[in-house]
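Here is the structure we will look at.
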Amino acid sequence: MRFFEQNTGVAVVAPAKVNLFLELLGKRPDGYHELASLMVGLTLADRLTFSPRHDGEVRLSADYPGLTIGPDNLIVKAAEALRRRFGATHGADIRLAKRIPIAAGLAGGSTDAAAALVGLSRLWKLRPARDDLLTLAAELGSDVAFFFALPAAWCTGRGEIVEPLTPSRALDVVLVFPPIGCSTASVYRNVVVPPRPHAGGDARAAFLAGDVDGLSRSLFNRLEAAAETVAPELRRWREAIERVAPLGCRMSGSGSTLFALARSRVEAAALARTLSTHPDLAGCRVAAVRTLIDNRSRRPWT
Ligand code: C5P
C-alpha cells in the first residue's frame, strides 16, 4: 500500500482483495476460525486523502451513500487506535472515495483501515515500526494485516498471520457484484468446519507459476456453502456464471462478490460483456480487473 504526498496532505490508494483459496482448519476458543487463505490484491481500489486539522478532531467524509462515517467506521477506529498507541492528539480530515462495494467479501473496510494507518502515520509524522502497524492492524480486523503484505500473501491464524508471496504475472479477473451484501459474522455462524481440511498447495503452486488453468481447477472457498445458506440467490448467480465462464466461478471471502478467472484481458472483457447482459444476473454489476503484481499502486487521480 503506497502513499503520495500532496500539497494539502497525503493520499493513499487502498486496493480490494480476492481469496483464491480459503479453507477453515478449526474453531478457536475465542470464537474465531483458524483458516488458511491465498489472498491477492486487485486493481479495484478505494482512494483516501488525509489533511491536517488543528482542532484535534478526526472527521471522515465519503462519497458512498449509506456508509457509516461515525465511530463505527474502521477508518475512524484506525485513527483512534493510532492516536492511543502513540499518545498523539493530532486531528485530520479524511475523505474516502469508495469504489469497493461494502459487505462484498473484498475487504473494502479492512483496506481502508490499513490505508488510514499508513496515511495518518505519515500525516502525523509518527514513524511507527512495521510490527506496531501489524499489531494495530490485527486488532482492527482479521483481514487488515494482509494489506501490509501486498500484492499477495498466504494468510493463516484468523487471517492476520501473513506470508508475502511474489506473483509471476497479473491475472485477469471478472468480478460480479450481486445486489445484496453478506454479513461476515452470519456467514461464519453457518459454516461447517471440515474434519479433513483441503490443503491449498495446488492453488499456491499454480498461482506462483502463473498457471491460470491449474489455478482455476484449485480455486476453493469453504465459506461459499455457508453464504449460500444465508443468501440462497448467490447459488443461482454462481451457477449462471459457471455456465458461461470458461474457467468456472467462485465466491470471494464471505461474499457476496463472485469472480471468474480469464486467460487474457481480451477474454476477460468478452466475459464481462456477456455477464453484464445475462438475464439471470439482472441487478448484478460486472467489472473486469487485474490482480496486482507489486505493492506500488497507480498514482491517484492521474
Ligand atoms: O475480524 P473481523 O472483524 O473481520 O471478523 C468479522 C467476524 O467474522 C468475526 O466476528 C467472526 O464472527 C468471523 N470470523 C471468524 N474467523 C475468522 C475471521 C472472522 O469466525 N478467521
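All values reported here derive from a predicted model rather than from experimental measurement. For ligands, and for the atoms within them, numbers begin at 1 and follow the listed sequence.
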Considering only NZ, NE, NH1 and NH2 on the basic side and carboxylate oxygens on the acidic side, decide whether [X] and [Y] come within less than 4.0 Å.
| X | Y | answer |
| --- | --- | --- |
| Glu139 | Arg84 | no |
| Arg99 | Asp46 | no |
| Asp30 | Arg158 | no |
| Arg217 | Asp202 | no |
| Asp213 | Arg263 | yes |
| Arg59 | Asp93 | no |

Shortest heavy-atom approach to atom 18 (C) of ligand 1 - which of Gly31, Ala113, Ser142: Ser142
Thr184-ligand 1 polar pair, N/O distance under 3.5 Å: no
Short list, please: which atoms of ligand 1 are under 4.0 Å from a heavy atom of [X]?
| X | answer |
| --- | --- |
| Leu35 | 21 (N) |
| Gly141 | 1 (O) |
| His33 | 15 (C), 16 (N), 17 (C), 20 (O), 21 (N) |

Heavy-atom gap Gly109 to ligand 1 smaller than 4.0 Å: no
Sub-4.0 Å heavy-atom contact, Asp143 with ligand 1: no
Nearest non-hydrogen protein atom, atom 19 (C) of ligand 1: Tyr188 CE1, 3.5 Å
Protein residue, atom and distance nearest to atom 5 (O) of ligand 1, heavy-atom basis: Tyr32 CE2, 3.9 Å
Mutual orientation of the aromatic rings belonging to Phe220 and Phe21 [parallel < 30°, tilted 30-60°, perpendicular > 60°]: tilted
